[in-house]
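Single-structure report; data block below.
Just so it is clear, the values below take in all heavy atoms, side chains as well, and ignore hydrogens, waters and symmetry mates.
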Amino acid sequence: MMIRKVAILMIIALLVFVGIHQFWPGLFYPELPFSSVKKEVVFELIKQSPDHLVTVAQEDDFSWYGAQFEQGRAIDLFLDVMKKNGWTLIDQDGAGYFFSQSNNKIVVTTQMWTGKIMLFKVPAAVSLITK
């Protein structure tokens, strides 16, 4: 009898959890470092393009890009995009990547948003073609 009650309570808890996740999927994602786009939108944009760097937001003086992290692949994707756009990696210090192009120099910072998604904060003056 006790096992049956525990099983019923576990099933109810699971259904509540699934229901909450269905109606508020962003509830379980960490806060974003920008406020102009909802968490659910960012997650879906990146999920739909697993092999590409995706523009996820334009806010203040920065553009935000995201990619799935899987074994550092997001960094490789980002560095490839920067190279294709004419930027040369000068140095990397922690989460900061230093690039140059002609007489211009920029710093791009990275941030793990979830365990599988990395975000890149790029100065808005830099226009990247991501595909």
Side-chain angles (χ1 to χ4, degrees):
M1 186 71 162
M2 182 67 159
I3 293 174
R4 186 174 177 196
K5 286 181 181 180
V6 170
I8 290 172
L9 284 175
M10 288 178 66
I11 290 171
I12 290 171
L14 180 64
L15 290 174
V16 168
F17 178 78
V18 169
I20 289 172
H21 192 353
Q22 185 68 28
F23 292 106
W24 295 292
L27 185 65
F28 300 105
Y29 302 137
E31 290 300 314
L32 285 165
F34 47 86
S35 59
S36 59
V37 181
K38 290 185 177 187
K39 296 184 275 188
E40 299 86 355
V41 172
V42 171
F43 185 80
E44 283 302 316
L45 283 170
I46 295 170
K47 183 180 166 186
Q48 291 172 5
S49 299
D51 297 324
H52 298 288
L53 189 67
V54 179
T55 306
V56 293
Q58 301 277 331
E59 190 168 279
D60 299 325
D61 294 331
F62 296 95
S63 298
W64 288 88
Y65 297 88
Q68 290 186 17
F69 187 70
E70 296 185 31
Q71 299 177 348
R73 191 180 69 192
I75 294 169
D76 293 337
L77 285 171
F78 179 72
L79 293 175
D80 286 346
V81 166
M82 292 300 286
K83 187 175 183 177
K84 288 177 184 174
N85 282 270
W87 291 93
T88 303
L89 179 65
I90 300 171
D91 196 12
Q92 186 242 330
D93 186 14
Y97 289 80
F98 301 82
F99 293 92
S100 70
Q101 181 186 63
S102 302
N103 292 330
N104 300 319
K105 294 185 181 190
I106 62 167
V107 177
V108 174
T109 56
T110 61
Q111 177 178 340
M112 286 301 295
W113 177 47
T114 69
K116 295 182 180 182
I117 295 177
M118 180 170 268
L119 298 175
F120 301 88
K121 183 180 180 184
V122 180
V126 176
S127 178
L128 296 179
I129 299 169
T130 59
K131 290 189 180 185

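- Hydrophobic clustering of Ile, Leu, Val, Met, Phe, Trp and Tyr side chains at less than 4.5 Å, counting indirect connections, keeps Val54 apart from Val81.
- Residues satisfying the side-chain hydrogen bond (donor to acceptor under 3.5 Å, both in side chains) criterion with Thr55, sequence neighbours excluded, are absent altogether.
- Cluster membership check: Leu45 does not share its hydrophobic cluster with Leu53, using side-chain heavy-atom separations under 4.5 Å among Ile, Leu, Val, Met, Phe, Trp and Tyr.
- The environment of CG in Leu9 is crowded: more than 12 heavy-atom neighbours from other residues, nucleotides or ligands sit within 6.0 Å.
- Residues Val126 and Val107 are members of separate hydrophobic clusters, defined by side-chain heavy-atom contacts under 4.5 angstrom among Ile, Leu, Val, Met, Phe, Trp and Tyr.
- Lys121 is not listed as a side-chain neighbour of Pro33, based on a closest heavy-atom distance of 4.5 Å or more.
- Looking at residues two or more places apart in sequence or on another chain, you find a side-chain contact (heavy atoms from CB on, under 4.5 Å) between Lys38 and Glu40, Val41.
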- Query: Can you check side chain to side chain contact (heavy atoms under 4.5 Å, CB included) on Met82 and Ile106, steps first, answer last?
  - Reply: CA-CA 11 Å; Met82 292 300 286; Ile106 62 167; 3.7 Å; yes
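- Not a single salt bridge (Lys or Arg N to Asp or Glu O under 4.0 Å) links Asp61 to another residue, sequence neighbours left out.
- Side-chain contact check for Ile46 versus Val56: some heavy-atom pair is nearer than 4.5 Å.
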Result block: side-chain N/O donor-acceptor pairs under 3.5 angstrom for residues 88-105, not counting sequence neighbours:
from   : atom 1 : to    : atom 2 : distance (Å)
Gln92  : NE2    : Gly94 : O      : 2.5
Gln101 : NE2    : Asn85 : O      : 2.9
Gln101 : NE2    : Gly86 : O      : 3.3

- Task: Under the side chain to side chain contact (heavy atoms under 4.5 Å, CB included) rule, what do Ile8 and Ile12 come out as? Steps first, then yes or no, please.
- Result: CA-CA 6 Å; Ile8 290 172; Ile12 290 171; 3.9 Å; yes
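- Legend: residues meeting side-chain hydrogen bond (donor to acceptor under 3.5 Å, both in side chains) with Thr110, ordered by chain and number and at least two apart, are absent.
- The two residues Gly66 and Leu119 have their closest heavy-atom pair at CA-CD2, 4.1 Å.
- Note that CG of Asp60 is 8.5 Å distant from OG of Ser36, once rounded to the nearest 0.5 Å.
- Residues meeting the ring pair (Phe, Tyr, Trp, His ring centres under 6.0 Å) test with Phe69, sequence neighbours left out: none.
- Nearest heavy-atom pair across Leu32 and Val37 is CD1-O, 3.5 Å.
- At least one side-chain heavy atom of Ile75 sits under 4.5 Å from a side-chain heavy atom of Met118.
- Hydrophobic cluster membership of Met2, counting Ile, Leu, Val, Met, Phe, Trp and Tyr whose side-chain heavy atoms lie under 4.5 Å apart directly or via other members: none, as it forms a cluster of its own.
- Distance alone, capped at 3.5 Å, places no donor-acceptor pair between the Gln58 side chain and the Ala124 backbone.
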- Intermediate values then yes/no, side chain to side chain contact (heavy atoms under 4.5 Å, CB included), Lys47 and Ile117: CA-CA 9 Å; Lys47 183 180 166 186; Ile117 295 177; over 6 Å; no
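- Partners of Glu44 by side-chain hydrogen bond (donor to acceptor under 3.5 Å, both in side chains), not counting sequence neighbours: none found.
- Identified under the ring pair (Phe, Tyr, Trp, His ring centres under 6.0 Å) test for residues 36-67, with sequence neighbours left out: Tyr29-Phe43, Phe34-Trp64.
- Here the side chains of Trp87 and Val108 are not in contact, with every heavy-atom distance at 4.5 Å or above.
- When all heavy atoms of Pro30 and Lys39 are compared, the pair lying nearest together is O-CD, 3.2 Å.
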